[in-house]
Amino acid sequence: MLSPIDFFSVLQLGWAPLAAITLALAGAYVIFGIAGFGTALVTGPVLAQFVPLSVVVPLLALLDLAAAAGNVVRRGRQADRAELMRLLPWMAAGSLAGAALLLSTRPQALLLALGLFACGYALHALRRPRAPKAWTPRAALPFGLVGGVFSALFGSGGFLYAIYLGGRVADKERLRVTQSTLIGLSTLTRVVLFAGAGVYADVRLLLLAAVLAPAMLVGTAIGRRLVLRLSREQFLAVVHGVVLCSGVALLMRWWLA
C-alpha cells in the first residue's frame with residue numbers, strides 16, 4: 001500500500017493542485033449530469049495546468065465513459081433508439097473522416113467556422129428558449145457527420161448532437177439520456193484506441209483516474225438531482241448555455257493556435 005508521500009510522488013501533484021483539479025472535475029460532472037456533455041469545457045483547462053495534455057485527453061475519456069455508462073445503466077431504456085440509429089452511422093463516418101483529416105491537414109481553420117456557428121446558434125436559442133428549432137430526421141446526417149469529425153479532431157462534437165436532439169426529442173430526461181448514450185459510444189471508441197496504443201499502461205494516469213472518480217460520481221449525482229427540478233425550457237437553456245461556452249472555447253483555441 002502506498003504511503004501518502006509515495007502516493008503524491010507517483011501522481012507528481014501536491015495537495016493544492018489535486019484539490020483544484022478535484023473541484024473543477026466535480027463542477028464539470030454536475031454539468032454532465034444535467035446536459036449529458038461538456039466536461040472538457042470546465043475541467044480541461046484546469047487539468048492542463050498541472051498534467052500533460054497526453055494525460056488529460058485519455059483521462060477525461062475514461063471518466064466520461066464511466067459517467068455515461070452509469071447514466072445508461074440507470075436510464076438506458078429511456079434513450080430514443082430511433083434517433084440513436086439515425087445519428088450513429090453518420091457519427092462513425094465523421095469520426096473516420098476526422099481521423100484522416102487529423103493525419104493529413106492542419107484543421108485549426110475549422111475551429112473558427114464551428115465556433116462561430118455554435119455561438120450564433122446558442123445566442124439565438126437563448127433569446128427564444130420557448131421556440132427551439134424543430135429539425136427533420138434528415139438533419140441527423142450533417143449533425144452526426146460534423147459531430148463525428150470534430151469529436152475525432154478536437155474531442156468537442158457533443159454540443160452538435162445536443163443541438164440536433166434538442167429539436168427532435170421533447171422529453172428532457174429522454175433527451176439527456178440519449179445525449180449521454182451518444183457521448184458514451186463516442187468516448188468508448190477513443191478509450192479502445194488509447195488502450196490499444198498502450199496509453200493506459202501509465203500507472204500515474206490510472207491512479208489519477210481512481211482518485212478523481214469519487215468527484216465524478218458526486219458531480220453526476222448532483223447534476224441528475226438538479227435536472228429533475230428543471231422544466232424543459234430551463235433544461236434547454238442550460239444546454240444552450242453549455243453550447244455557447246463550447247463555441248467560445250473553440251474560438252479561443254483558434255485564436256491561440
Point to revise | side-chain contact (heavy atoms from CB on, under 4.5 Å) partner of V211, chosen from L206, I21, L18, L25 | key: L18
**Study point:** side-chain contact (heavy atoms from CB on, under 4.5 Å) partner of D80, the single match among L175, D171, V169, L165
**Key:** V169
Study note, to complete from the structure: In terms of heavy-atom contacts, C119 and L251 come closest through SG-CD1, 3.9 Å
Review point. Which pair of heavy atoms, one from P58 and one from L205, lies closest together, and at what distance?
Key: CG-CD1, 3.6 Å
Point to revise | 4.5 Å side-chain heavy-atom contact, L59 and L212 | key: yes
Point to revise | Residues T39 and D64: side-chain donor-acceptor under 3.5 angstrom | key: yes
Point to revise | Any donor-acceptor pair under 3.5 Å from Y161 side chain to G148 backbone | key: yes
Check your understanding: Between the side chain of Q78 and the main-chain N/O of R176, is any donor-acceptor distance below 3.5 Å?
Key -> no
Check your understanding: According to the interplanar angle, ranging from 0 to 90°, do the rings of F143 and W135 count as parallel (below 30°), tilted (30 to 60°) or perpendicular (above 60°)?
Key -> perpendicular
Check your understanding: Looking only at heavy atoms, what is the nearest atom pair of R86 and P137, with distance?
Key -> NE-CB, 3.5 Å
Check your understanding: Going from CE on M91 to CG on L185, what distance comes out if it is rounded to the nearest 0.5 angstrom?
Key -> 5.5 Å
Check your understanding: Are I222 and V242 in one and the same hydrophobic cluster, where Ile, Leu, Val, Met, Phe, Trp and Tyr link if side-chain heavy atoms are under 4.5 Å apart?
Key -> yes
Practice item. Tell me whether I163 is reachable from L116 by hopping between hydrophobic residues (I, L, V, M, F, W, Y) whose side-chain heavy atoms are closer than 4.5 Å. Key: yes
Exercise for review: Specify the closest pair of heavy atoms between Y29 and A67, including all atoms of both residues, with the distance to one decimal.
Suggested key: CE2-CB, 3.7 Å
Practice item. Hey, could you give me the OG1/CG distance between T187 and L62, rounded to the nearest 0.5 Å? Key: 10.0 Å
**Study point:** Interatomic distance, R168 atom CZ to R174 atom CZ [nearest 0.5 angstrom]
**Key:** 12.0 Å
Review point. Would L145 end up clustered with L84 when hydrophobic side chains under 4.5 Å apart are linked, directly or stepwise?
Key: no
**Study point:** Taking every non-hydrogen atom, the tightest pair across Y200 and A61
**Key:** OH-CB, 4.1 Å
Point to revise | Check against side chain to side chain contact (heavy atoms under 4.5 Å, CB included), M216 and F32 | key: CA-CA 9 Å; M216 178 269 290; F32 187 93; over 6 Å; no
Exercise for review: Check whether W90 and L160 end up in the same hydrophobic cluster, where Ile, Leu, Val, Met, Phe, Trp and Tyr are linked by side-chain heavy atoms less than 4.5 Å apart.
Suggested key: no
Review point. Is there a chain of hydrophobic side chains (I, L, V, M, F, W, Y, each step under 4.5 Å between heavy atoms) that links V218 to I31?
Key: yes
**Study point:** Distance, nearest 0.5 Å, that separates CD1 of I34 from OG of S180
**Key:** 13.0 Å
Study note, to complete from the structure: Correct closest heavy-atom pair for A79 and T181 would be CB-OG1, 4.0 Å
